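Remarks on the structure that follows.
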Amino acid sequence: MSQESAVSPYSYRNQPSAISDGKAPIGVFDSGYGGLTVLKELVNTLPHYDYLYLGDNGRAPYGNRSFETVYDYTLECVKWFFEQGCSLVILACNTASAKALRSIQQNDLPQIAPDKRVLGVIRPTTEVIGTYSENGEIGILATKGTVNSESYPIEIHKFFPETRVYQEACPMWVPLVENNEINTPATDFFIKKNLHALFQKGPKIDVVLLACTHYPLLKDKIQEHLPIDVKLITQGELVANSLADYLSRHPEIEQRCSRNGQQHFFTTDAAEDFDNHATLFFGAPVKSRFVDLSPGKETVS
Ligand code: DGL
């Protein structure tokens, strides 16, 4: 990136569409592209708000990384959203929600931004997922990090104590999606393999949740390999409905969200690559900008 093209994030902040009258877009964060499947549903459900999307593609995937690393990366990105003026940030990434959200909410926010809020995608999902199951047998498909965190079983049992939750990590699915290997024999192989392992654990599962924001791109393929009477649930709509409810209950936050119906996209990797992939996830053309989050280099171009 040339020096001429480097622009301080604060010049973005000063654009009228980004922050005006003390209002700013809702921040939407993911390790890469997956959060765009959530953003798509947020825009469908709440189209009048502005959204600022950041994909940490330069450091993705997060799925196999340690708690400490996911926490450090996520916090860094959350601080970036706050610098842009956002009062509300959604972690549209299950791995970040599982490994970083609680620490950020409990330890960091009170110190760095007590009047701002960071929400995740696990709570909005777990508080309703039990209503989809007839027999209380729920299957979770997610990254290794999300599965190992046990966040889904723990949270689902808070709302639906009688349910039985079975998990299966699908470490190949994110790389397959990121490499656009969606309709290939390799994808069939890994989907069959992971579904087989899940149903070995819970043969009576009647609801399967895609607990990774990348997986909706594999929904049709997964459906092909699922028994006909098993419901397949994606999160985007659940998160969007939950956000609508949250904003109606928190006018102090809602009033600080700008409403021009715009979406702005940023990535920590090459913007052109991001744009080429992002359309698949977002369902509409995307024009992103690069942001360098390395210390002392917080620039966009
Ligand atoms: N989008 C992330 C999630 O929902 C998965 C991608 C990654 O491993 O970085 O868990």
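Just so you know, residue 1 is the first one in the sequence shown, and it goes up from there. Remember, it's 1-based here, ligands and their atoms both numbered in the order they're listed. Please read these numbers as outputs of a predicted model, since none were measured by experiment.
- The protein atom (non-hydrogen) at minimum distance from atom 2 (C) of ligand 1 is Cys93 SG, 3.5 Å.
- Heavy-atom contacts of Gly63 reach the following atoms of ligand 1: 7 (C), 8 (O), 9 (O) (cutoff under 4.0 Å).
- Evaluated for a side-chain hydrogen bond (donor to acceptor under 3.5 Å, both in side chains) with Thr143, the options Thr95, Asn148, Thr213 yield exactly one hit, Thr95.
- Tested against Asn57 for a side-chain hydrogen bond (donor to acceptor under 3.5 Å, both in side chains), the candidates Asp269, Thr267, Asp30 yield a single pass: Thr267.
- Of the residues Tyr215, Phe265, Tyr33, Phe274, the one that meets the ring pair (Phe, Tyr, Trp, His ring centres under 6.0 Å) test with Phe281 is Tyr33.
- Taking 4.0 Å as the cut-off between side-chain N and carboxylate O, Lys79 and Glu83 do not count as a salt-bridged pair.
- Looking at Asp30 against ligand 1, only its side chain comes within 4.0 Å, counting heavy atoms.
- In this structure, Lys99 satisfies the cation-pi test against Phe67, with its NZ or CZ atom closer than 6.0 Å to the six-membered ring centre and inside 45 degrees of the ring normal.
- Heavy atoms of Gly32 come nearer than 4.0 angstrom to ligand 1 in no pair at all.
- Considering only non-hydrogen protein atoms, atom 1 (N) of ligand 1 sits nearest to Thr213 OG1, 2.8 Å.
- Aromatic ring pairs are classed by plane angle as parallel below 30°, tilted from 30° to 60° and perpendicular above 60°; the pair Tyr49 and Tyr51 is perpendicular.
- For ligand 1, one of its N or O atoms has an N or O atom of Asn94 under 3.5 Å away.
- Each of the atoms 2 (C), 3 (C), 4 (O), 5 (C), 10 (O) of ligand 1 lies under 4.0 Å from some heavy atom of Cys212.
- Atom 10 (O) of ligand 1 has as its closest protein heavy atom Thr95 OG1, 2.6 Å.
- Connection of Tyr53 to Val43 is established within a shared hydrophobic cluster, with ILVMFWY side chains joined at heavy-atom distances below 4.5 Å, either directly or through further cluster members.
- For the pair Ser31 and ligand 1, the shortest N or O to N or O distance falls below 3.5 Å.
- Each of the atoms 7 (C), 8 (O), 9 (O) of ligand 1 lies under 4.0 Å from some heavy atom of Tyr62.
- For Arg59 and Tyr73, the positive end sits near the middle of the six-membered ring, less than 6.0 Å away and at most 45° from its axis.
- Each of the following atoms of ligand 1 lies closer than 4.0 Å to a heavy atom of His214: 1 (N), 5 (C), 6 (C).
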